[in-house]
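Owing to the predicted nature of the structure, the values given are computational and were not obtained by experimental measurement.
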Amino acid sequence: MNNQVQEIAADCDQLPERFIRKDDEEYAGESCPTEIPVIDVSLLTSSHLELDRLKSAVRTWGCFQAINRGIEGSFLDKVREVRKLFFNLSAEEKKKYLREEDGLEGYGNDMVLSDHQTLDWTDRLYLTVLPQDQQRLQFWPQNPTNFREVVDEYCSKIELINEVILKALARSLNLEENCFLDQYGTTSKMMARFNYYPPCSWPDKVLGVKPHSDGSAVTYLLQDKEVEGLQVLKDGQWFGVPIVPDALTINVGDQIEIMSNGIFKIPIHRVLVNSKNQRITLALFCMPQTEKYVGPVDGLITDDTPRLYKNVTFSVDFYFKNYQQGKRSIDACKI
């Protein structure tokens, strides 16, 4: 695809066939409204009740809405503003940051690995944000001029929250609080994916993002402030994730399911599009140190709860190749 979805949507009187979603019985069913658990992050170090609520949320849903994380709502609005300003740039300006043909980072579409691959109704800007010395600045927008400053500050704040969450998840299982962090490593990565979902006149025929789970340890999503679209699959039914003002939507990824020996479950999720309104989000993927092995914590393996996963190393390339083929990368890690 040489054109970005934003361009196709602006001049499209017939839906291109490559975007038409395939019938998939595993992911069939209408969406139901629900209340995803809301967790007060500020209480996780002092309240056993909140810790139990976190454990229940991640075991049941694989995700939760995080409030009181120490990030002001006014700063989140600043993050929303820079992502919006970037996607509002001219096509010519945005294409200065196009990803390389075989690369992940940069602006544009995800890789197309097969002629049979159904395309997502989204454009994205994908960046390595941490560690800073691995940032590929040729893909970082120069406009808006404060883009890098705001994104760097936001990622530093999320890095602190991520440590709190990983420790709390360990404590909720009565484990030593650093056991997940120790596997996570000291040179872990954080990847940012800025998502732009244009309006679509055929919202029931396309998906903004196909059903998938994340290859991260933990994912932090800053939702659109007004337009919903995220759904999670639970008990064979899709549930819409509502917008909670100034909350971050947090879900666990493959790495935490492996470390917890399957106690914490990765949520399958997808994104719907809107017929009238654009939707813009930002997902931060916190990835363990690539060269470190990740495996179930020893304290969770017993005669009654045998090891479910091998010790594995995880790469972004490995995840995306499985994702674009409609496969779950974690399935390759099972014993």
Side-chain angles (χ1 to χ4, degrees), residues 37 39-64 66 69-70 130-131 155-191 213-220 248-267 284-316 318-319 328-335:
I39 300 296
D40 188 329
V41 175
S42 69
L43 297 178
L44 289 176
T45 57
S46 59
S47 168
H48 289 295
L49 177 61
E50 202 67 10
L51 207 59
D52 286 343
R53 293 183 69 247
L54 172 69
K55 177 182 176 180
S56 175
V58 181
R59 292 189 72 166
T60 306
W61 289 95
C63 62
F64 58 94
R69 318 136 318 268
L130 289 175
C155 294
S156 295
K157 293 177 183 294
I158 295 296
E159 189 176 32
L160 296 175
I161 296 169
N162 190 50
E163 182 173 333
V164 172
I165 296 299
L166 288 173
K167 287 182 175 181
L169 289 172
R171 291 200 314 277
S172 77
L173 298 179
N174 296 315
L175 299 171
E176 195 281 318
E177 72 170 10
N178 287 323
C179 67
F180 291 158
L181 270 174
D182 289 343
Q183 289 203 53
Y184 190 70
T186 56
T187 58
S188 53
K189 267 192 175 183
M190 189 184 292
M191 314 295 294
S213 58
D214 291 344
S216 58
V218 187
T219 299
Y220 297 81
L248 293 174
T249 303
I250 300 178
N251 69 266
V252 297
D254 291 343
Q255 317 292 334
I256 289 296
E257 180 164 327
I258 292 171
M259 291 182 203
S260 70
N261 202 38
I263 295 175
F264 294 138
K265 303 294 186 184
I266 330 164
L284 294 183
F285 304 100
C286 295
M287 313 286 294
Q289 189 171 326
T290 306
E291 61 273 17
K292 282 181 71 74
Y293 277 94
V294 170
V297 174
D298 290 340
L300 297 175
I301 300 172
T302 68
D303 291 340
D304 294 328
T305 57
R307 173 187 284 265
L308 300 179
Y309 300 98
K310 299 174 282 190
N311 289 345
V312 296
T313 57
F314 233 81
S315 72
V316 176
F318 170 70
Y319 168 77
R328 298 182 68 196
S329 51
I330 197 170
D331 290 340
C333 306
K334 293 178 178 177
I335 291 177

[atom1]-[atom2] distance between [X] and [Y], expressed to the nearest 0.5 angstrom:
X      : Y      : atom1 : atom2 : answer
Leu54  : Leu49  : CG    : CG    : 11.5 Å
Arg307 : Ile301 : CZ    : CD1   : 4.0 Å
Ser172 : Ile263 : OG    : CD1   : 8.5 Å
Met259 : Asp254 : CE    : CG    : 10.5 Å
Asp182 : Glu177 : CG    : CD    : 10.0 Å
Ile258 : Ile330 : CD1   : CD1   : 4.5 Å

Do the side chains of [Y] and [X] get nearer than 4.5 Å, heavy atoms only?
X      : Y      : value
Asn178 : Lys167 : yes
Ile39  : Ile250 : no
Thr219 : Leu284 : no
Arg59  : Phe264 : yes
Val252 : Ser216 : no
Val218 : Phe180 : no
Arg171 : Thr45  : yes

To check you understand the geometry: which heavy-atom pair defines the closest contact between [X] and [Y], and what is its length?
X      : Y      : answer
Asn261 : Thr305 : ND2-O, 3.7 Å
Ala332 : Lys310 : O-NZ, 3.2 Å
Ile266 : Asp214 : CG2-N, 4.0 Å
Lys189 : Pro131 : CG-CD, 4.1 Å
Gly262 : Tyr309 : N-CE1, 3.8 Å
Leu51  : Ala168 : CD1-O, 3.5 Å

Original post:
Does a donor on one side chain and an acceptor on the other come within less than 3.5 Å for Tyr184 and Glu163?
Top reply: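 Note: Tyr184 and Glu163 side chains miss the donor-acceptor criterion.
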**OP:** For Lys55 and Asp52, run salt bridge (charged side-chain N to carboxylate O under 4.0 Å, His left out): C-alpha distance rounded to whole Å, both residues' side-chain angles, the deciding distance at 0.1 Å, then the answer.
**Re:** CA-CA 5 Å; Lys55 177 182 176 180; Asp52 286 343; 6.0 Å; no
Subject >> Under 3.5 Å donor-acceptor, Arg53 side chain and Asp40 backbone >> reply: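 Side chain of Arg53 to backbone of Asp40, a donor-acceptor pair under 3.5 Å: no, none is there.
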Original post:
Does the Ser260 side chain pair with the main chain of Glu257, one donor and one acceptor, at a distance under 3.5 Å?
Top reply: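 Yes, Ser260 side chain to Glu257 backbone: donor-acceptor pair under 3.5 Å.
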**OP:** Would you please test Val297 and Glu176 for side chain to side chain contact (heavy atoms under 4.5 Å, CB included) and show each step?
**Re:** CA-CA 10 Å; Val297 174; Glu176 195 281 318; over 6 Å; no
**OP:** Go through Ile256 and Leu166 one step at a time and tell me if the side chain to side chain contact (heavy atoms under 4.5 Å, CB included) criterion holds.
**Re:** CA-CA 9 Å; Ile256 289 296; Leu166 288 173; 3.6 Å; yes
Original post:
By salt bridge (Lys or Arg N to Asp or Glu O under 4.0 Å), which residues pair with Glu159, not counting sequence neighbours?
Top reply: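 For Glu159 there are no salt bridge (Lys or Arg N to Asp or Glu O under 4.0 Å) partners, ignoring immediate neighbours.
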